[in-house]
Amino acid sequence: MWQPASERLQHLQTMLKTKLNVLTLRKDPLPTVIFHEPEAIELCSTTPHNKSRAHTGYKVTYLGKVTISGTHFLSGCTESAVMGLCDTKRTSVTHDDSITSSSAILEIRPFQVRLHHQDGRGEATVAMDTFQVARIAYCTADHDTSPNVFAWIYRQINDDLTFQMDCHAVECENKLEAKKLAHSMMEAFKKTFHSMRSDGRIHKSGSSDEFPEELSTPDDG
C-alpha cells in the first residue's frame, strides 16, 4: 500500500524515536556495570599489593656471612664467625667513611625467611636473599661479642649439588630485638616442621632429605 512521503517520514521518525528510547534505557545502567565495577575490582586487587610492599619484619644491619665447618652445632658455635664479621664491619667503616651500614629488613615466616636489603636511605628494597626454613640448622641471639647480634647457620646447596654451612649475622637495635628474632625463628621452624610432618614429607623419626636433623637454639631464658 502506497503511503505519502510525509507519512513515511513520520513513521520513520517514530521508529527512530522508539529505538533511541530503547537504547537510552539500556545505556543508563551500563556505566554502573562496565565502568564502576571494574574500577572497584581493580582497587580491591591493587590496594593489598601496595600495602604488602612495605615489608613487615625487623629492621637490622646485615653483617654478612662466613662459611663454617661441621654439621652438628652446639652453644657458642657461631661466636667466632660473629666476632670476625663484627671486626670486618668496624675495620671497613674505619678505613672508608663512605661505607654505610647495610640496612635490611629481616622477615621471618613459616617455610621461608627473607632478607630485604635496603637502599642507602632505607626506603626501598634493592635486593633480597631467601632462606628455606627447612635448611636452617641453628640460630642464636646469645653472643659475648655483641648481645645485639642474631645469627643463623644455613645449609647452602651449590650448583654441583654439594652443600656448605654458612653463618649469617645481623645486628639489631638492641638485645631484646635479637631475642625476638630468635623466638620468631623457632616459631617459624615449629610451624614448618608440623606442616611438613602432616604432609608426609617428614617421617615420624623427624628425618627428611630437606629438613635438618635438628634445629638448635641455646636456652635464652
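By convention here, the first residue in the shown sequence is residue 1. What you are looking at is a predicted structure, and each value in this text was computed from that prediction instead of being measured.
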Handout entry: Gln132 vs Gln112 side-chain heavy atoms within contact, under 4.5 Å
Key = yes
Handout entry: Minimum side-chain heavy-atom gap Val170-Tyr58 below 4.5 Å
Key = no
Handout entry: Whether Thr88 side chain and Gly84 backbone form a donor-acceptor pair below 3.5 Å
Key = yes
Exercise for the section: Taking all non-hydrogen atoms of both residues into account, name the closest pair between Ala141 and Ala178 and its distance. Expected result: CB-O, 3.3 Å
Practice task
Kindly indicate whether the side chain of Lys59, heavy atoms from C-beta on, has any atom under 4.5 Å from the side chain of Ser103.
Solution key: no
Practice task
Group every Ile, Leu, Val, Met, Phe, Trp and Tyr by side-chain heavy-atom contacts under 4.5 Å, then state whether Leu176 and Ile108 land in the same group.
Solution key: no
Problem - 4.5 Å side-chain heavy-atom contact, Cys77 and Ile153 - result: yes
Handout entry: Distance, nearest 0.5 Å, that separates NZ of Lys65 from CG of Asp129
Key = 7.5 Å
Practice task
Identify the heavy atoms of Val82 and Ala151 that sit nearest to each other, and give their distance.
Solution key: CG2-CB, 3.9 Å
Exercise for the section: Would you indicate whether the side-chain heavy atoms of Met128 and His117 approach each other to under 4.5 Å? Expected result: no
Problem - Which atom of Val133 lies closest to which atom of Phe189, heavy atoms considered - result: CG1-CA, 3.8 Å
Completion exercise
Closest non-hydrogen atoms of Cys172 and Phe150, given as atom of the first, atom of the second and distance, are SG-CB, 4.4 Å
Exercise for the section: Could you tell me whether the side chain of Phe111 reaches within less than 4.5 Å of the side chain of Met196, counting heavy atoms only? Expected result: yes
Problem - Sub-4.5 Å side-chain heavy-atom contact between Val60 and Glu171 - result: no
Handout entry: Phe73 side chain reached by Met165 side chain, heavy atoms, under 4.5 Å
Key = yes
Practice task
Compare every heavy atom of Ile136 with every heavy atom of Met185, then report the nearest pair and how far apart it is.
Solution key: SD-CD1, 3.7 Å
Fill in the blank from the handout: Here the pair of heavy atoms bringing Glu177 nearest to Asn174 is N-OD1, 2.8 Å
Handout entry: Interatomic distance, Gln164 atom CD to Ile157 atom CD1 [nearest 0.5 angstrom]
Key = 9.5 Å
Exercise for the section: Measure the acute angle between the ring planes of Trp152 and His168, then classify it against the limits of 30° and 60° as parallel, tilted or perpendicular. Expected result: parallel
Handout entry: Transitive ILVMFWY side-chain link Met83 to Tyr62, under 4.5 Å
Key = no
Exercise for the section: Verify, without hydrogens or angle tests, whether Glu79 (side chain) and Thr145 (backbone) share a donor-acceptor contact under 3.5 angstrom. Expected result: yes
Completion exercise
Separation between OG (Ser80) and NE2 (His143), nearest 0.5 Å, reads 10.5 Å
Practice task
Measure the OH-OG distance between Tyr138 and Ser75 for me, rounded to the nearest 0.5 Å.
Solution key: 4.5 Å
Problem - Polar side chain donor-acceptor pair, Thr162 to Asp160, under 3.5 angstrom - result: yes
Problem - Reported CG-to-SG distance for the pair Asn148 and Cys86, which is rounded to 0.5 angstrom - result: 9.5 Å
Problem - OG-CG distance between Ser184 and Leu106, expressed to the nearest 0.5 angstrom - result: 9.0 Å
